[in-house]
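Everything numeric in this text was worked out from a predicted model, so none of it was measured.
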Amino acid sequence: MSEQSSDNKINLFRIDEESFLHLYECYWKKLYQLGYKYLGDVYQAEGLIQEVFTSLWQRRDSLLLNEDTIENYLVRAVRFRISRIYSDEVRKVKKMDELQQRQAAKDNNHTEQEVLYRFLREDVDKLVSSLPERCKMVYLLSREKGLNNREIAVNLLISEKTVENQLTKALKVIRKGLEKYPLS
């Protein structure tokens, strides 16, 4: 189970069935409590812990873990998944709000607003298409696909700082091009 590193005397190991069961028995309850604390839902917390251990098992051949830091590793995995759940919820709420706003606009039958919206949308599309290619890709992944900066950076193989810079540039161009529209 353990492999000694001659340099630092670190206890590294690969996961086998025995060590996996040991890890599960030692940590599932603590991880479950952490998940439940932040999610407040028994089933969601159970599913979260199942995902973490399933992922651990599926990657057992490629993972080399340190016995001294395995608990920290598992806690970080749970927190990462919790943050992903939160960001997914935020996106869902945003999408629902957008749908409700669109429906309200249709229900109110404000022809003038709908025409203004179409012109605005066309102008935004024109401005976006005029952006440099990388800047356009970053903007589209952020605003239309709903990806966060880290996901965009991984997707395009660029740094997060570059993503921020490209988004700032895109938004500046779009704001400048839309100055003729009222703010209300």
Quick check: closest heavy atoms across [X] and [Y], and the distance to 0.1 Å?
X      : Y      : value
Glu164 : Asn149 : CG-ND2, 3.4 Å
Ser159 : Ala153 : C-CB, 3.9 Å
Gly177 : Leu127 : CA-CD1, 3.8 Å
Gly35  : Ala45  : C-CB, 3.9 Å
Asn148 : Arg91  : N-NH2, 3.5 Å

Rounded distance [0.5 Å steps], [atom1] in [X] versus [atom2] in [Y]:
X      : Y      : atom1 : atom2 : result
Leu63  : Ile15  : CG    : CD1   : 5.5 Å
Glu122 : Phe119 : CD    : CZ    : 6.5 Å
Glu98  : Lys95  : CD    : NZ    : 6.0 Å
Asn155 : Ile152 : CG    : CD1   : 8.0 Å
Trp28  : Glu46  : CH2   : CD    : 8.5 Å
Gln101 : Met96  : CD    : CE    : 12.0 Å

Got a donor-acceptor contact below 3.5 angstrom from the [X] side chain to the [Y] backbone?
X      : Y      : result
Thr162 : Ile158 : no
Ser142 : Val138 : no
Arg79  : Arg76  : no
Tyr86  : Tyr38  : yes
Arg14  : Asp61  : yes

Shared hydrophobic cluster for [X] and [Y] (ILVMFWY, side-chain gaps under 4.5 Å):
X      : Y      : answer
Leu120 : Leu171 : yes
Val42  : Phe53  : yes
Leu147 : Val90  : no
Trp57  : Val78  : yes

Test side chain to side chain contact (heavy atoms under 4.5 Å, CB included) on Val52 and Arg81 and set out the steps. CA-CA 8 Å; Val52 168; Arg81 289 183 188 272; 3.5 Å; yes

Non-hydrogen side-chain atoms of [X] and [Y] separated by less than 4.5 Å:
X      : Y      : result
Leu34  : Lys30  : no
Tyr73  : Asn66  : no
Tyr27  : Ile70  : yes
Val163 : Leu156 : no
Cys26  : Glu71  : no
Val173 : Lys176 : no
Glu67  : Phe13  : yes
Leu48  : Tyr36  : no

For Lys136, which residues count as a salt bridge (Lys or Arg N to Asp or Glu O under 4.0 Å) partner, sequence neighbours excluded?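 So Lys136 forms a salt bridge (Lys or Arg N to Asp or Glu O under 4.0 Å) with Glu133.
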
Counting neighbours of [atom1] on [X] that are heavy atoms of other residues, nucleotides or ligands and sit closer than 6.0 Å, is the number greater than 12?
X     : atom1 : value
Arg60 : CZ    : yes
Gln33 : CD    : yes
Glu17 : CD    : no

Between Glu151 and Leu141, does the side chain to side chain contact (heavy atoms under 4.5 Å, CB included) criterion hold? Intermediate values first, please. CA-CA 9 Å; Glu151 292 168 329; Leu141 289 172; over 6 Å; no

When you look at Asp88 and Arg84, which way does the salt bridge (Lys or Arg N to Asp or Glu O under 4.0 Å) test go after all the steps? CA-CA 6 Å; Asp88 288 347; Arg84 187 183 300 159; 5.9 Å; no

Test side chain to side chain donor-acceptor pair (under 3.5 Å) on Ser19 and Asp16 and set out the steps. CA-CA 5 Å; Ser19 61; Asp16 57 18; 2.9 Å; yes

Is a salt bridge present between Lys94 and Asp97, judged by a nitrogen-to-oxygen distance below 4.0 Å? no

Between Ile82 and Gln44, does the side chain to side chain contact (heavy atoms under 4.5 Å, CB included) criterion hold? Intermediate values first, please. CA-CA 10 Å; Ile82 289 170; Gln44 214 174 8; over 6 Å; no

In terms of the angle between their ring planes, are Tyr24 and Phe20 parallel, tilted or perpendicular, with boundaries placed at 30° and 60°? parallel

Classify the side-chain pair Arg59/Ser55 by whether it contains a donor and acceptor separated by less than 3.5 Å. yes

